[in-house]
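One structure is given here, and the rest of the page talks about it.
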Number of protein chains: 2
Amino acid sequence: MLDDLDRRLLEILIKDSRTSLKELAQQVGLSSPSVAERLRRLEDRGVIRAFTVEIDPQALGYTLQAIVRIRPLPGKLHIVQKLIEEIPEFGECDKVTGDDCFVARLFVRSIGDLDKLLDRIADKAETSTAIIKAQPIRRRPPPLAATAISKP
Amino acid sequence: MLDDLDRRLLEILIKDSRTSLKELAQQVGLSSPSVAERLRRLEDRGVIRAFTVEIDPQALGYTLQAIVRIRPLPGKLHIVQKLIEEIPEFGECDKVTGDDCFVARLFVRSIGDLDKLLDRIADKAETSTAIIKAQPIRRRPPPLAATAISKP
DNA sequence: CGTCATCACCTTATTTAATTAGGCACGACT
DNA sequence: AGTCGTGCCTAATTAAATAAGGTGATGACG
């Protein structure tokens with residue numbers, strides 16, 4: 001489903017998605033048309049979801065981030081979900097076990113902004129907030145290779 | 001610090017970081033050398049942290065994800081942090097307010113794997129786990145433009 | 001008030017990379 | 001054994017990135 005060459009290509013692209021086909025080709029020992037074909041198929045199959053850029057939130061003025069647990073009140077689940085999708089300050093959000101809770105990331109410029117945002121869902125859900133103090137670890141993708149614990 | 005053209009370039013690159021300079025140039029109304037120069041400076045300034053690919057964890061066999069709150073026992077903070085950095089199954093991780101807690105994402109193939117991973121830190125921290133049931137929203141970057149709530 | 005420096009952009013020429021087209025080898029399946 | 005499909009190759013073509021050099025606006029300073 002995903003051979004060793006594919007994994008090596010992904011590994012390189014995670015570090016720099018602008019790596020040229022030529023460069024990729026010689027790193028894995030293929031020709032560039034072959035690499036192009038592999039990438040096209042990885043995209044088609046949905047393995048590669050997107051080629052994107054990682055932006056520093058600080059550079060955009062978002063000096064604060066919060067992780068918020070959102071528990072919609074009975075019957076309000078869809079309204080809350082829609083709000084999360086529409087409010088641009090929400091970063092990634094996952095639905096988790098336990099009474100249909102969401103765990104989401106919020107990008108804000110101040111505690112004031114955070115309050116204002118939470119107010120918008122206050123009548124539709126219970127929330128509990130944890131302010132992020134530092135980012136010891138950047139965004140990390142799932143491990144590409146088998147590990148001691150997680151074997152395919 | 002970041003003008004309108006920069007924001008438009010970032011917006012395009014978030015959707016597809018392989019967009020050619022030529023294409024970027026005509027979309028924002030500049031020449032390609034000018035765009036190249038802007039991108040170079042955005043990288044230098046750290047606004048663009050990386051050009052990368054987003055990979056579908058499912059495609060790699062990670063059918064399960066969990067969000068784990070990790071509260072290191074007294075004196076164990078650094079050991080725990082080191083473990084999080086070293087264990088590849090840990091995705092992004094943030095330090096949050098409240099007794100130096102971490103909130104981290106884990107990529108696993110089964111509940112069994114999850115247990116094994118949590119065992120590795122069980123004697124160094126208290127943990128509480130929420131299994132992710134679905135991903136209603138993909139990874140989303142911070143908002144590029146000013147919003148009603150969050151004005152620069 | 002002029003002059004000089006800097007900056008961000010431009011165009012053109014050159015180099016480098018991506019893409020297309022055509023062919024070959026290998027394995028599966030009939 | 002023949003044929004189909006797949007994944008790769010090379011070579012030729014097209015397209016893009018980069019390098020070099022020039023222009024005009026802006027702001028600092030003599």
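Hydrogens, waters and symmetry mates are skipped; everything else that's a heavy atom, side chains included, is used. Reminder, nothing fancy here: chain letters follow the sequence lines and each chain counts from 1.
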Among C:dA18, D:dA16, C:dC9, the one nearest B:S20 by side-chain distance:
D:dA16

Measure the distance from [atom1] on [X] to [atom2] on [N] and round it to the nearest whole Å.
X: B:L21; N: C:dA17; atom1: CG; atom2: C1'; result: 12 Å
X: B:E37; N: D:dG21; atom1: CD; atom2: P; result: 17 Å
X: B:L39; N: C:dC9; atom1: CG; atom2: P; result: 11 Å
X: B:D6; N: C:dC9; atom1: CG; atom2: P; result: 9 Å

Is the distance from OP1 or OP2 of C:dA8 to the nearest side-chain N or O of B:R41 less than 4.0 Å?
yes

Kindly give the heavy-atom pair with the smallest separation between A:G91 and A:F107, and that separation in Å.
CA-CE1, 3.7 Å

Give me the one residue out of B:V53, B:T52, B:L13 that meets side-chain contact (heavy atoms from CB on, under 4.5 Å) with A:F51.
B:V53

Can B:R71 be said to sit on top of B:F102's aromatic six-ring, NZ or CZ under 6.0 Å from centre and within 45° of the ring axis?
no

For a salt bridge (charged side-chain N to carboxylate O under 4.0 Å, His left out) with A:D94, tell me which candidate from B:R140, B:R105, B:K133 qualifies.
B:R105

Base, sugar-phosphate, or nothing for A:R40, non-hydrogen atoms under 4.0 angstrom?
nothing

Please answer whether the main-chain N or O of B:A25 pairs with a side-chain N or O of B:S32 as donor and acceptor at a distance below 3.5 Å.
no

Flag side-chain contact, heavy atom, 4.5 Å: B:I79 against B:K82:
no

Enumerate the residues from residues 22-34 of chain B whose closest heavy atom to DNA chain D is under 4.0 Å, giving them by residue number; use none for an empty result.
B:K22, B:P33

Here's a test of your reading of the structure: between A:L5 and B:R18, which maps to the more 5' nucleotide of DNA chain D?
A:L5

